[in-house]
Chemist: 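One structure is given below, represented as structure tokens, and several questions about it will come after.
These values consider heavy atoms only, across backbone and side chains, with no hydrogens, waters or symmetry-generated copies.
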Amino acid sequence: MLYAQDSPKRPAARILIVCLPDLDRAIRRLLGSACPADWERDERVRLHVLKPGVSRGKTALANFIDSAAPPSSFAQVWVQSQIELHPRLTSAAGTTALRPPIRRFASPIVLKKELPQVIATMDLGWQTQIADELTSGWVHGATPLSRNRVDLWLDQFGRLGDNNRWIGEGLLRVLDFWLPERQRRSLGLTADILQRYDRVCVNRHRTGKSGDFLSTILQKHIQTLVPRYPATIDLRELCDNPSAHPDCKRVLFVEDGLFTATETNNYLSGLLDLPLPPHRNEWGTPALKDPAPLRSLEITMCFPVATTFGMKRLQAFLNANELTNINVMPAADGIFNNLTQQGTLALTENRFFLPDHHLCPAQPDLHLRTPAFENISVWKSEEKALRAKTFCYDVGLQLFRHYLEWRGLAGKWEESRILHCGLGMYGLGMAVAFGHSVPKASLPLFWMDGDVTIGGNSLKWQPLFPDAKA
């Protein structure tokens, strides 16, 4: 039967919409824009489409509605006007004080005007889901990420221009927020994989850096897989004390992400005590007592999330420094393909950066894809995606200048290089964050504060993620 009783395992719907096939696609688009991406799997908002050619008995439909959205619940039920309803659903005797009267609609226009507000009021919208994930998942620094902060962050878009709030809402929808559990899944570690390595290493040279956080969650995960597996250790500590680990030959080195490869390349450069380029005073990592152990170990570098740009830059560095003992293994389901074909070729042929400028991209618009603005289902059109990208660049460039000042690097970067960082480092245009940090390849609007002016409107911008610039 079409209207069999719902399985007792299915949760009761809080919003139930019943329609004919002619409105199926339009209503799905509406729900897709108002609800979280997984609304169909979640089932608290449920769309039921009557199949053509199948009996639509009024009693059977009434039984289905009462099962999916019980009269004893506070569920909202919307039914297309062309569908006949059993009198018990519409009569005074059939209504309850809990479930509101069934709403009727003839076209999606009525739903478009009223349903998004109902979804938001009932905390079933995508905004609620994202705010809940951010407020519970952000653990960096002393300032909490509250739902009020999310609202204030969105308000700033409107204060910098009429009707700009949609840009902030779009950024929240495309934000890729990585919680520890997702990082663990993406790494794909198993007991069999761990047994291939003698130790698992991280980079925790600087106290408070993401290496400390990663080491903690990684160690807990490893202990659940192989209870007696050795504790995670800093790679530099391992290489500086080879006599303390005589049986260690194969190492799995784990970092939380590989976006630009700058941090990883600088880390390895410091360990190997490579010559400093003219623009740098230090690598940020003390040199090893002897680089031989680093070159002799069989090292696999693993990243739960990476960009193709970062992967190729890291591989080029390894090749240039004859580090053939290091293999790069990013997780397959955490790769952002942010290089165009021309960009891949440019990196391979060593012409991605301008030859006479330090780390200044030659043609980023031709060589790079910007993931934050590629989802047209979020931005609605190429034109709106471009408008959002332009706004983010204009604000982001000002914020990136504040970041350089905060780092004490004002006046030390070439202007041509700075101009390519309005969408994040090298113009990567990412919308990625972890619970403990935000990569600088992500849009500065997410992680930097400072005074900004757009079209005569000024304010002191507050990032979505507090204390994330550190």
Chemist: Does the side chain of Thr128 come within less than 4.5 Å of Arg147's, by heavy atoms?
Modeler: yes

Chemist: Given 3.5 Å as the limit, does a donor-acceptor pair link the side chain of Thr307 with the main chain of Phe336, or not?
Modeler: no

Chemist: Evaluate Gln156 against Trp461 for side chain to side chain contact (heavy atoms under 4.5 Å, CB included), listing each step before the verdict.
Modeler: CA-CA 7 Å; Gln156 295 175 117; Trp461 185 269; 3.4 Å; yes

Chemist: Tell me, please, which residues at least two apart from Leu419 pass side-chain contact (heavy atoms from CB on, under 4.5 Å).
Modeler: Tyr393, Leu397, Arg401, Glu415

Chemist: Does the side chain of His357 come under 3.5 Å of the side chain of Glu414 through a donor N or O and an acceptor N or O?
Modeler: yes

Chemist: Counting only heavy atoms not in Glu322, do more than 12 fall under 6.0 Å of its CD?
Modeler: no

Chemist: Taking atom CG of Asn350 as the centre, report whether more than 12 heavy atoms of other residues, nucleotides or ligands fall under 6.0 Å from it.
Modeler: no

Chemist: Salt bridge check, Glu40 against Arg46: does any charged N sit closer than 4.0 Å to a carboxylate O?
Modeler: no

Chemist: Salt-bridged, Arg196 to Asp192, with N to O below 4.0 Å?
Modeler: no

Chemist: Does Glu383 have more than 12 heavy atoms from other residues, nucleotides or ligands lying within 6.0 Å of its CD?
Modeler: yes

Chemist: Is a donor on one side and an acceptor on the other found under 3.5 Å between the side chain of Arg149 and the backbone of Leu464?
Modeler: yes

Chemist: So among Trp138, Phe434, Trp153, which one has a ring-ring contact (aromatic ring centres under 6.0 Å, His included) with Phe465?
Modeler: Trp138

Chemist: Could you check whether Trp283 and Tyr267 have their ring centres less than 6.0 Å apart?
Modeler: no

Chemist: Contact between Leu345 and Arg351 at the side-chain level, heavy atoms closer than 4.5 Å - yes or no?
Modeler: yes

Chemist: Could you walk me through whether Trp447 and Tyr403 pass ring-ring contact (aromatic ring centres under 6.0 Å, His included), step by step?
Modeler: CA-CA 10 Å; Trp447 52 266; Tyr403 172 67; 5.0 Å; yes

Chemist: Taking only residues two or more places apart in sequence or in another chain, which ones pass side-chain contact (heavy atoms from CB on, under 4.5 Å) with Leu225?
Modeler: Leu189, Leu194, His221

Chemist: If you define the side chain from C-beta out and look only at heavy atoms, does anything of Met301 sit under 4.5 Å from Asn327?
Modeler: no

Chemist: Please examine the side chains of Ser33 and Lys380, heavy atoms only from C-beta on, and report whether any two atoms are closer than 4.5 Å.
Modeler: yes

Chemist: Quick check on Asn163: does its CG atom have over 12 non-hydrogen neighbours (other residues, nucleotides or ligands) under 6.0 Å away?
Modeler: no

Chemist: Side chains of Leu268 and Leu318: closer than 4.5 Å at any heavy-atom pair?
Modeler: yes

Chemist: Is there a side-chain contact between Leu124 and Asp42 (heavy atoms, below 4.5 Å)?
Modeler: no

Chemist: Mark yes or no for whether His140, through its side chain, and Asp467, through its backbone, hold a donor-acceptor pair below 3.5 Å.
Modeler: yes

Chemist: I'd like to know whether Ile233 forms a side chain to side chain contact (heavy atoms under 4.5 Å, CB included) with Val200, so could you lay out the CA-CA distance, the side-chain angles of the two residues, the decisive distance to 0.1 Å, and finally the verdict.
Modeler: CA-CA 7 Å; Ile233 186 173; Val200 175; over 6 Å; no

Chemist: Taking atom types as modelled, find out whether Thr370 and Asn338 have a side-chain donor-acceptor pair closer than 3.5 angstrom.
Modeler: no

Chemist: Quick one: do the Asn241 and Glu237 side chains pair a donor with an acceptor below 3.5 Å?
Modeler: no

Chemist: Judged by atom type as modelled, is there a donor-acceptor pair below 3.5 Å linking the side chain of Ser442 to the main-chain atoms of Val438?
Modeler: no

Chemist: Testing the 3.5 Å rule here: is there a donor-acceptor pair between the side chains of Arg313 and Thr262?
Modeler: yes

Chemist: Under the ring-ring contact (aromatic ring centres under 6.0 Å, His included) test against Tyr426, which residue among Phe353, Phe259, Phe352 passes?
Modeler: Phe353

Chemist: Just wondering, more than 12 heavy atoms not from Glu298 lying within 6.0 Å of its CD?
Modeler: no

Chemist: Side chains of Lys220 and Gln223: does their closest heavy-atom pair fall under 4.5 Å?
Modeler: no

Chemist: Could you please spell out the steps behind the ring-ring contact (aromatic ring centres under 6.0 Å, His included) verdict for Phe400 and Trp406?
Modeler: CA-CA 10 Å; Phe400 200 86; Trp406 177 77; over 10 Å; no

Chemist: Quick one about Ser215 and Gln219 (side-chain donor to acceptor, distance below 3.5 Å, no hydrogens or angles considered), yes or no?
Modeler: no

Chemist: Examine the side chains of His402 and Asp451 and answer whether a donor and an acceptor come within less than 3.5 Å of each other.
Modeler: no

Chemist: Report, as yes or no, whether the 6.0 Å neighbourhood of atom CZ on Arg25 holds more than 12 heavy atoms from other residues, nucleotides or ligands.
Modeler: no

Chemist: Would Asn375 and Ser377 count as having a side-chain donor-acceptor pair, cut-off 3.5 Å?
Modeler: yes

Chemist: Is there a side-chain contact between Arg236 and Pro286 in this structure, where contact means two heavy atoms from C-beta onward sitting under 4.5 Å apart?
Modeler: yes

Chemist: Would you indicate whether Lys469, at its atom NZ, is surrounded by more than 12 heavy atoms from other residues, nucleotides or ligands within a distance under 6.0 Å?
Modeler: yes

